[in-house]
Amino acid sequence: NKIDKNADNKVDKKVKFPEDCVGLEELKRTWLWDEVEEFSITHRVRVEDMLEWKWKWWNGRIVIPCWDRRREKLLYWTARAVSEYTQPRYINCWMGEKALWGLDVRDTSNGILYVCEGWKDAYRVGGVAVLGKGISMSQVNGLREVIEEDGVKEVVVVFDSDAVKEAYKVAEFLGCEIGVRRVKLGVGVLGNGLKDLGEAK
């Protein structure tokens, strides 16, 4: 379950940012900049990264893009409400089953590629996120390209503490596709009752 081998057969549409969203740079001299800085502090994301990675503002939400490797093509976006009282907390683009967040900002200099559930966890460890608890064949192929391009020695699947079973299935599937000795399940990486990597880093 949650292993989508047919994602490549789904209709491909051009992904666009939501209408009326603006670049964060444009908010610098407005009262909304305080909201951007508060988001940065709350979620422990550097403002400099948000600006460099072309994050946007849209109706009380930070729009977090998912780019291709060269940041030329938008693959997906998720919009996170700044206020905890704004619901739903996330509004997502529909293309998540094919996208890998963090391709353009990953850090595999230690020979390890971390595969996480969400963008925040991936941000903290310089990994990539599958944007959910499953994986598609398209995402597997994307990971394979990263592994070859970066000379990755080890892939560690680290999902939230409430998704160990799903992480096991993803690790098992990845092992079959890219080599079982290369893939590890990150059980125990969290420890101490932490829910996710976002709390650990």
Straight-line distance of [X] [atom1] to [Y] [atom2], nearest 0.5 Å:
X: Trp77; Y: Ile64; atom1: CH2; atom2: CD1; result: 11.0 Å
X: Glu52; Y: Lys54; atom1: CD; atom2: NZ; result: 10.0 Å
X: Leu131; Y: Thr78; atom1: CG; atom2: OG1; result: 8.0 Å
X: Asp150; Y: Thr108; atom1: CG; atom2: OG1; result: 3.5 Å
X: Leu24; Y: Glu37; atom1: CG; atom2: CD; result: 11.0 Å
X: Arg80; Y: His43; atom1: CZ; atom2: NE2; result: 4.0 Å

Problem set entry | Stacked cation flag Lys133 on Phe159, 6.0 angstrom / 45 deg | no

Exercise. Can a cation-pi geometry be assigned to Lys73 and Trp67, taking NZ or CZ under 6.0 Å from the six-membered ring centre and within 45° of the ring axis?
Worked result: no

Measure the shortest side-chain to side-chain distance between [X] and [Y] over non-hydrogen atoms and say whether it is less than 4.5 angstrom.
X: Glu148; Y: Ile178; answer: no
X: Phe173; Y: Met137; answer: yes
X: Trp101; Y: Arg106; answer: no
X: Val128; Y: Leu113; answer: yes
X: Glu35; Y: Trp57; answer: yes
X: Val45; Y: Ile62; answer: no
X: Arg124; Y: Arg44; answer: yes
X: Glu145; Y: Leu103; answer: no

Give me the atom names and distance for the closest heavy-atom approach of [X] to [Y].
X: Ile91; Y: Pro88; value: CG1-CG, 4.1 Å
X: Leu75; Y: Ala99; value: CB-CB, 4.2 Å
X: Ala167; Y: Val157; value: O-CG1, 3.8 Å
X: Ala171; Y: Val183; value: O-CG1, 3.5 Å
X: Tyr76; Y: Cys93; value: CE1-O, 2.8 Å
X: Glu177; Y: Arg144; value: O-NH2, 3.1 Å

For this session: Could you tell me whether Arg89 and Glu84 have a side-chain N and a carboxylate O separated by less than 4.0 Å?
Result: yes

Exercise. Should the pair Lys56-Glu26 be classified as a salt bridge under the 4.0 Å nitrogen-to-oxygen rule?
Worked result: no

Problem set entry | From CA spacing to verdict: side-chain contact (heavy atoms from CB on, under 4.5 Å), Asn141, Ser138 | CA-CA 5 Å; Asn141 290 333; Ser138 182; 5.6 Å; no

Polar side-chain atom of [X] near backbone of [Y] as donor-acceptor pair, under 3.5 Å:
X: Asp107; Y: Ser109; result: yes
X: Ser136; Y: Gln139; result: yes
X: Ser40; Y: Val36; result: no
X: Asp160; Y: Asp162; result: no

Problem set entry | Criterion side-chain contact (heavy atoms from CB on, under 4.5 Å) on Cys116 and Val130, from CA distance to verdict | CA-CA 6 Å; Cys116 308; Val130 292; over 6 Å; no

For this session: Could you check Arg70, Arg69, Arg71 and say which one makes a side-chain hydrogen bond (donor to acceptor under 3.5 Å, both in side chains) with Asp104?
Result: Arg71

Problem set entry | Within the 6.0 Å centroid threshold, strictly below: Trp119 and Trp55 | yes

For this session: Report yes or no: do Tyr114 and Asp121 form a side-chain donor-acceptor pair below 3.5 Å?
Result: no

Problem set entry | From CA spacing to verdict: side-chain contact (heavy atoms from CB on, under 4.5 Å), Ile112, Val152 | CA-CA 6 Å; Ile112 299 172; Val152 169; 6.0 Å; no

For this session: Tell me, with the steps shown, if Arg182 and Glu154 meet salt bridge (Lys or Arg N to Asp or Glu O under 4.0 Å).
Result: CA-CA 5 Å; Arg182 213 178 233 176; Glu154 187 175 284; over 6 Å; no

For this session: Answer yes or no: are there more than 12 heavy-atom neighbours, outside Tyr90 itself, under 6.0 Å from its atom OH?
Result: yes

Exercise. Would Trp31 end up clustered with Val47 when hydrophobic side chains under 4.5 Å apart are linked, directly or stepwise?
Worked result: yes

Exercise. Going hydrophobic residue to hydrophobic residue with side-chain gaps under 4.5 angstrom, can you get from Phe39 over to Ile41?
Worked result: no

For this session: Could you check Leu143 against Val155 for side-chain contact (heavy atoms from CB on, under 4.5 Å), going step by step and ending with a plain yes or no?
Result: CA-CA 9 Å; Leu143 290 173; Val155 176; 5.7 Å; no

